[in-house]
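Take a look at the structure set out below.
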Amino acid sequence: MEYPFEQIEKKWQKIWSDKKIFNAKNNTDKKNYYVLSMFPYPSGALHMGHVSNYSIADAITRYKMMQGYNVMQPMGYDSFGMPAENFAIQHNSHPRITTDQNIEIMRKQFDMMGFGIDWEREVSTCHSDYYKWGQWFFKKMYEKGLAYKKRSFQNWCDNCQTVLANEQVEDGKCWRCSSVVRQKELEQWFFKITEYAEELLDFSGVIDWPERVKTMQTNWIGKSFGTEIWFRMEDSEDLIKVFTTRPDTIFGCTFMALPPEHPLVTNWLKLKEEPENSKMHKFCDKIMNEDTINRTSEDTTKEGIFTGRFAINPVNGEKVQIWITNYVLMDYGTGAVMAVPAHDQRDFEFAKKYDIPMKLVIQNPEEKLILEEMKEAYTEPGILVNSDNFDGLESTESMTSISEWMTENNMGKVTITYRLRDWGVSRQRYWGNPIPIIYCEDCGTVLVPDEDLPIKLPENVQLGKTTQNPLLSADDWVNVKCPKCGKPARRETDTMDTFVDSSWYYARYADPKNNEMPFSKELADNWLPVDQYIGGIEHAVMHLMYARFFHKFMRDLGMVNSNEPFARLLTQGMVTKDGAKMGKSKNNAIDPQYIVDRYGSDTVRVFMLFASPPDKDSEWSDEGVKGAFRFLNRVWRLFEENLELIKNISVTLSDPAMPDRIEGSDNKLCAEIKKLRYSTHFTIKKVLNDIENRMQFNTAIAAIMEHLNNVYSIKNVETLNVAEKVIFVESCVAIPHLMYVFAPHLSEELWKIIGEENLLHEAGLPKFNEKYLIQDEITYVIQIMGKVRGKINVSVDATDDEIKKLALEVENVTKSLEGKEIKKMIIVPKKLVSIVAK
RNA sequence: GCGAAAGUGGCGGAGUUGGUAGACGCGCUGGCCUUAGAAGCCAGUGAGAGAAAUCUCGUAGGGGUUCGAGUCCCCUCUUUCGCACCA
């Protein structure tokens with residue numbers, strides 16, 4: 001017989017919902033705890049990745065409720081974005097309709113899982129009561145000088161007249177029409193995240209973030225100390241600024257490398273002597289259309305073209321050739337590189353290929369370098385040569401003095417550079433948040449006034465007619481009066497990156513229905529920072545960094561007090577099947593709905609949490625799900641078989657006089673019951689520790705399984721004396737009490753049928769008694785030269801000498817030591833005896 | 001290519017500070033129960049040798065530190081994630 005999971009789960013879901021136990025209160029005596037899962041993109045149905053994510057979050061939610069916190073676990077939908085737009089086009093519908101339908105389905109599935117979500121705080125980013133505040137934030141960014149427009153290069157398909165994401169470019173061709181993709185320079189809106197680069201490197205405001213996420217973000221920001229050096233053009237006053245981390249090699253610079261995107265290059269290409277079909281034009285076009293990952297790859301052949309122009313090295317007045325190359329990026333540093341072929345491998349390869357002069361300026365102190373014989377660049381530290389007054393200095397030490405000297409003589413300055421680039425937020429798409437800007441011929445760029453917010457997306461657009469941004473053809477919407485002068489003007493048609501929506505949603509949950517502001521400061525500070533944030537590792541850098549940036553921005557606006565949005569972070573692993581990520585593209589997805597219908601939500605939760613630690617990938621297994629179901633059935637049967645006994649005794653368990661009576665009767669307890677009592681208290685201790693300190697649900701569940709096996713090993717329950725029966729019942733009751741966080745429906749039901757009045761989250765965490773964890777004997781392992789040769793049981797208070805004596809008496813030990821001399825004996829307390837013998 | 005992780009039986013995984021490798025679960029094998037099946041229950045299960053006691057080998061591969069290494073150090077390989085317009 002299977003336990004009636006369907007009936008039980010529906011019943012308790014209704015009770016929880018009716019009693020509103022998951023509706024977080026804004027004002028209580030209890031301490032607040034905010035559990036947040038990354039909100040889902042409403043793709044139509046929950047997948048296993050969601051189930052895994054929310055099972056973890058729900059376990060934490062219920063654990064914290066048992067601990068007595070006022071817990072908030074909200075939910076919402078990240079509902080703007082390209083997939084919804086494409087889906088609507090394919091199905092000849094509108095993204096608003098399909099998105100709302102999808103949300104409806106997902107909401108039902110959340111309920112079927114029984115997650116403890118506070119539905120009164122639900123948000124959806126595509127609803128105007130939410131995106132209004134995204135527009136409001138854009139205006140604030142603009143007012144603070146943090147939103148600005150600049151030209152930047154984007155993947156462009158001429159045929160579709162649209163920008164393409166990197167993932168929409170397949171082998172350099174458009175995914176839709178297969179025409180060749182080129183790089184086009186477009187005016188785009190940016191947020192100045194670089195302004196916060198330094199602060200984003202500081203993680204002192206977070207409590208418990210995985211080291212690897214911090215490292216990835218730190219590397220992404222990529223701070224480096226170096227020197228900016230100013231080269232003058234030979235025949236004009238134009239300056240070329242270069243950034244280098246190796247000012248010690250400046251005297252060895254023999255050429256300069258520019259990317260084709262460099263403004264100087266752009267200017268030169270516009271000159272009359274460079275017709276459209278010139279070599280330089282062709283070269284630049286070719287390089288710009290390669291994708292940047294390939295361009296910077298070390299394997300890529302270095303290519304370049306000599307511009308025929310020269311710059312002057314400020315330190316020695318030497319002429320250096322100016323080249324356009326494929327291996328320098330406009331986005332990093334100053335977008336120009338001083339090339340020192342003798343001491344940089346990329347420059348070395350390039351100089352060899354194009355026969356550019358080299359100059360040795362750092363000599364290897366170990367083995368003298370001869371320029372003509374070098375097979376690769378010498379990049380190690382050494383002694384400066386050919387460097388005027390700096391000759392003879394150690395190269396690493398010379399960096400400071402060279403930089404200082406250059407600063408004094410107006411040749412450059414010491415500077416810090418970040419790899420981090422400003423955040424491009426412009427998207428040429430319909431299904432996103434409109435940027436609140438109006439362009440007027442007379443007044444220029446004008447912000448939309450607050451009273452005109454939200455700018456609602458026009459409904460009557462033609463999706464899929466053209467591949468361009470559909471907003472361009474929404475004439476009624478685009479043509480507006482200038483808010484300043486009233487003359488005809490045009491709206492900005494770009495919408496915002498959806499990462500903007502997801503950068504502050506966690507704060508909106510604190511005050512989701514506010515019509516006056518994004519949220520009130522009081523309520524935000526009441527809940528923020530999020531105590532526990534849970535989501536996929538794929539967001540380690542972008543989403544998590546944008547949200548940190550936004551939070552700091554909101555703090556600087558005086559909207560929140562905290563410095564960080566997420567105090568603790570758990571990055572959960574993927575759900576895989578046959579070693580590959582589960583998903584539509586691999587055609588290996590398992591539908592959670594089907595599994596819940598067959599086995600119930602508790603089974604799915606227990607399986608997902610048991611399959612692996614939350615931060616590791618977990619492999620789906622149909623048989624494993626059955627195993628989880630079997631386990632829950634075993635728990636159910638234990639209570640079914642012993643119901644009368646448990647009911648009768650569990651009532652007296654809460655009688656304060658009971659523990660004393662039991663304790664007094666220790667000598668009447670048989671050995672296996674004493675063991676069972678140890679198991680109960682040990683399991684409680686282990687489960688609490690695994691959840692609280694290690695977030696390791698798989699071992700917590702394993703411990704409960706082991707304990708259940710121990711309970712089942714008591715065969716003669718009827719013949720036990722009263723004291724023994726009490727201990728037996730205690731061992732049973734501990735099971736639903738501990739399992740509430742993993743299998744809440746089943747646990748709640750068992751708790752009820754044994755006669756408990758309150759709900760489990762009100763019962764508090766189970767308690768263990770250290771007294772029952774004391775063991776009178778300890779097993780010591782005996783090792784000889786690191787190999788196990790025997791075991792001894794020793795009383796806890798045995799002295800080292802007694803242990804040594806006993807160890808040497810073990811038969812197998814004596815045998816192994818024959819003909820050997822004992823050099824040393826090491827005793828590790830409560831663990832082992834190690835004998836060194838030769 | 002750059003950045004970040006991971007690699008333990010047939011499988012998922014355990015092993016918290018260097019101290020009995022393989023907890024727990026799945027699968028498999030044998031048995032009980034049953035008209036039969038399902039379910040359930042009991043026992044066994046890293047490889048090799050041995051009647052057994054026990055011994056040898058074993059944590060991706062190679063080297064090192066240590067009385068003792070899955071755990072620490074160096075090198076190599078493989079897989080996964082991210083790389084700025086997927087979210």
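Only this structure's heavy atoms are used, side chains among them; waters, hydrogens and symmetry mates stay out. Since this is a predicted model, take the numbers as computed values, not measurements. Letters go in sequence order (proteins before strands), and every chain restarts at 1.
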query: Are A:R419 and B:rA84 close enough that a side-chain N or O sits under 4.0 Å from OP1 or OP2?
result: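 Answer is no, no contact under 4.0 Å.
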
Base-pairing assignment for [N] (Watson-Crick or G-U wobble, both under 3.5 Å):
| N | result |
| --- | --- |
| B:rG70 | none |
| B:rG18 | none |
| B:rU59 | none |
| B:rA43 | B:rU29 |
| B:rC86 | none |
| B:rG7 | B:rC77 |
| B:rC24 | B:rG12 |

At 4.0 Å (heavy atoms only), tell me whether [X] reaches a base, stays on the sugar-phosphate, or touches nothing.
| X | result |
| --- | --- |
| A:R789 | sugar-phosphate |
| A:M825 | nothing |
| A:R429 | base |
| A:Q217 | nothing |
| A:K791 | base |
| A:R427 | base |
| A:D617 | sugar-phosphate |
| A:A611 | sugar-phosphate |
| A:S502 | nothing |
| A:T498 | sugar-phosphate |
| A:P40 | nothing |
| A:K214 | nothing |

Whole angstroms only, please: what is the [atom1]-[atom2] distance between [X] and [N]?
| X | N | atom1 | atom2 | result |
| --- | --- | --- | --- | --- |
| A:K787 | B:rA21 | NZ | C1' | 14 Å |
| A:F631 | B:rA39 | CZ | P | 19 Å |
| A:N633 | B:rA39 | CG | C1' | 9 Å |
| A:D422 | B:rC85 | CG | P | 12 Å |
| A:D501 | B:rC85 | CG | C1' | 14 Å |
| A:E623 | B:rC24 | CD | C1' | 17 Å |
| A:N689 | B:rU17 | CG | P | 12 Å |

Looking at [options], which one has an atom nearest to any side-chain atom of [X]?
| X | options | result |
| --- | --- | --- |
| A:V836 | B:rG27, B:rC24, B:rC67 | B:rC67 |
| A:L832 | B:rA5, B:rG3, B:rG19 | B:rG19 |
| A:W220 | B:rC83, B:rA4, B:rC24 | B:rC83 |
| A:M82 | B:rA87, B:rG19, B:rG12 | B:rA87 |
| A:N698 | B:rA4, B:rA14, B:rC81 | B:rA14 |
| A:R694 | B:rG15, B:rG25, B:rC55 | B:rG15 |
| A:Q428 | B:rC24, B:rG15, B:rC85 | B:rC85 |
| A:V788 | B:rG25, B:rA21, B:rG15 | B:rA21 |

query: Hey, does the side-chain of A:E619 have a donor or acceptor N/O within less than 3.5 Å of a partner on the base of B:rG13?
result: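 Looking at the base of B:rG13, it does not pair with any donor or acceptor on the side chain of A:E619 (distance under 3.5 Å).
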
message: Is it the case that the base of B:rC85 and the side chain of A:Q188 share a donor-acceptor contact (distance under 3.5 Å, atom types as modelled)?
response: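 Yes.
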
Quick one: does NZ or CZ of [X] land under 6.0 Å from the six-membered ring centre of [Y], within 45 degrees of the ring axis?
| X | Y | answer |
| --- | --- | --- |
| A:K150 | A:F190 | yes |
| A:R548 | A:F203 | yes |
| A:K791 | A:Y780 | no |

message: Would you measure the distance from the C1' atom in B:rA69 across to the matching atom in B:rU20 and give it in whole Å?
response: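 My reading of the C1' atoms in B:rA69 and B:rU20 gives 14 Å.
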
message: Taking only the C1' atom of each, what is the distance from B:rG15 to B:rG22 in whole angstrom?
response: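 Here B:rG15 and B:rG22 have their C1' atoms 8 Å from each other.
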
query: Pick the nucleotide of RNA chain B nearest each of A:V213 and A:S618; which residue has the one closer to the 5' end?
result: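 Taking each residue's closest nucleotide, the earlier one in sequence belongs to A:V213.
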
- prompt: Any idea if B:rG27 is syn or anti, going by the 90°-from-0 cut?
  reply: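 For B:rG27, whose glycosidic angle is more than 90° from 0, the conformation is anti.
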
